[in-house]
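Notes for the one structure printed next.
Keep in mind that what you see is a predicted model, and the values were worked out from it rather than measured. Lettering of chains follows the sequences in order, A, B, ..., and the numbering in each one begins at 1.
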Amino acid sequence: MNIAKTDKPAPPGDTRPDSVRPGMTSTPTLDPERWVDDHGDYLFHYALSRLRDPVQAEDFVQEALLAALRSADRYQGRSTERTWLAGILKHKILDHFRKSGRETSFTDLEFYAGEEENTFRNELYPEHWNREMAPQEWADAGAALDREEFWRVFHRCSGKLPDRVARVFLLREVDNVSSEDICATLGISPNNLWVMLHRARLALRRCLEVNWFGADSPSEEGKP
Amino acid sequence: MSARPGGWRRRWILLLAFLTPPCRRIVALGSRELDGAAAPWDRWRIRVHRSICTGCRRYLQQLEILREAAHGSTDRPPPTTRLSTESRDRLKRRLRCEPAKS
């Protein structure tokens, strides 16, 4: 077994080398139970956000950890332990999508179609922004990403995306899977993929604006 | 006879608006551009349009923020999607039964 690195950065002020910091294993070890403690939540969230089924998500985490254990001798330590485990989980989930994509029609082209129509309903200039729906300035967007409450809003908003749209969005935006690979994996046409990605972005952006960045969102004092 | 103040600027904006598709089409093209799938001609039209349209300019900037947030979201799991103690124990028990290759 090669050197296992964890993702934990040194806390501020901790100048000890990785080898002596707790949680940073620099000696050859194989401790799958620690994987559950250190990366279990991360992997479970990863699987759940894509599969939307807690039982199935746990099954996939288990499968990924077992596969990691069986192939531990191939882990070179070039990436962090978490990245390695998440990579195995990602491939297991993609395989599952590939199989189920062939069995069912995957597109969800109706999602947000009506809302898109309303967003660009403009009496004076057809197909231009509706005055009430036009994007507002997002003040301090960078700082928002550091706030716990923002992430709660973000997860609530992304949780509202229909399963298929969310799956496509996460594959593209989080897993960085290319459009061609998503189409091949899910058995959909590029045009259908772009429509779903576009609607997912429209819906998520609007949801974040209404619930976090917009004028009607909680006031600055109200934000934790 | 002198032109109304700002008259040329207004005419220029109207000309550019005439040359580019409406906002609905621009944001759809902008989404494609984000996926590297927009043609050069479309990229040019997006650039021209966002120079004269505040709504589209903001929208396209916010898509970048959305992308950054999506990237970061995996590292910020909501408390409700954490493994339960039972699930954790179940996983550990199962891993103990598996012979390791090391």
Side-chain angles (χ1 to χ4, degrees), chain A residues 1 28 30 32-33 35-37 40-42 44-46 48-49 54 58 61-62 65-66 69-73 86 116 119-120 125-129 134-138 141-142 144-145 148 150-152 154-156 158 169-170 172-174 179 190 194-195 197-198 201-202 204-205 208-209, chain B residues 17 21-38 49 53-102:
Chain A
M1 175 66 187
L30 184 61
E33 290 190 37
W35 295 346
V36 177
D37 289 329
D41 286 340
Y42 177 89
F44 181 63
H45 169 63
Y46 185 97
L48 185 62
S49 58
E58 195 184 316
V61 171
Q62 178 176 298
L65 292 177
L66 287 171
L69 193 54
R70 288 180 203 125
S71 62
D73 55 337
E116 183 182 3
T119 304
F120 297 99
Y125 305 105
E127 308 256 286
H128 287 73
W129 294 101
Q136 303 301 305
E137 188 73 46
W138 283 6
L145 304 190
E148 274 309 306
F150 170 81
W151 291 106
R152 273 201 280 278
F154 183 88
H155 289 300
R156 212 162 47 233
S158 59
F169 180 77
L170 291 172
R172 183 72 198 100
E173 294 291 46
V174 182
S179 305
W194 289 321
V195 169
L197 281 174
H198 170 49
R201 288 166 178 148
L202 268 177
L204 252 182
R205 194 214 67 84
L208 288 179
E209 182 157 292
Chain B
C23 302
R24 183 174 183 169
R25 180 90 186 116
I26 288 292
V27 298
L29 287 173
S31 182
R32 280 197 190 196
E33 189 182 26
L34 211 57
D35 297 317
H49 187 98
C53 175
T54 309
C56 288
R57 187 163 55 245
R58 282 181 185 158
Y59 181 86
L60 296 170
Q61 280 168 353
Q62 289 163 5
L63 285 195
E64 301 281 350
I65 299 168
L66 200 62
R67 171 163 275 188
E68 197 186 330
H71 271 294
S73 65
T74 317
D75 290 324
R76 308 278 195 139
T80 45
T81 62
R82 291 195 176 136
L83 275 173
S84 65
T85 314
E86 298 79 47
S87 300
R88 223 172 261 276
D89 292 343
R90 201 165 35 241
L91 280 172
K92 287 181 180 179
R93 273 200 305 276
R94 180 67 187 87
L95 288 166
R96 258 177 242 141
C97 300
E98 190 70 16
K101 265 192 187 177
S102 59

Tell me, for [X] versus chain A, whether the close heavy atoms (under 4.5 Å) come from the side chain, the backbone, both or neither.
{"X": "Leu34(B)", "answer": "both"}
{"X": "Cys56(B)", "answer": "both"}
{"X": "Ile65(B)", "answer": "side chain"}

Looking only at heavy atoms and a cut-off of under 4.5 Å, which of [options] has the most pairs with chain A?
{"options": "Leu91(B), Thr74(B), Ile26(B)", "value": "Thr74(B)"}
{"options": "Arg25(B), His71(B), Arg32(B)", "value": "Arg32(B)"}
{"options": "Ser87(B), Pro78(B), Cys53(B)", "value": "Pro78(B)"}

So which part of [X] gets closer than 4.5 Å to some heavy atom of chain B, the side chain, the backbone, both or neither?
{"X": "Trp151(A)", "answer": "side chain"}
{"X": "Leu65(A)", "answer": "both"}
{"X": "Leu202(A)", "answer": "both"}
{"X": "Pro126(A)", "answer": "backbone"}

Options Phe169(A), Phe154(A), Tyr46(A), ranked by heavy-atom pairs under 4.5 Å with chain B, top entry: Phe154(A)
Options Arg205(A), Arg156(A), His198(A), ranked by heavy-atom pairs under 4.5 Å with chain B, top entry: His198(A)
Gap separating the CD atom of Gln136(A) from the CD atom of Gln62(B), nearest 0.5 angstrom: 9.0 Å
Any donor-acceptor pair under 3.5 Å from [X] side chain to [Y] backbone:
{"X": "His45(A)", "Y": "Arg82(B)", "answer": "no"}
{"X": "His155(A)", "Y": "Ser49(A)", "answer": "no"}
{"X": "Arg201(A)", "Y": "Ser31(B)", "answer": "yes"}
{"X": "Arg58(B)", "Y": "Pro135(A)", "answer": "yes"}

Listed partners of Arg172(A) passing salt bridge (charged side-chain N to carboxylate O under 4.0 Å, His left out), at least two apart: Asp35(B)
Any side-chain heavy-atom pair of Thr85(B) and Asp89(B) under 4.5 Å: yes
Close side-chain approach of Ser179(A) to Trp194(A), heavy-atom, < 4.5 Å: yes
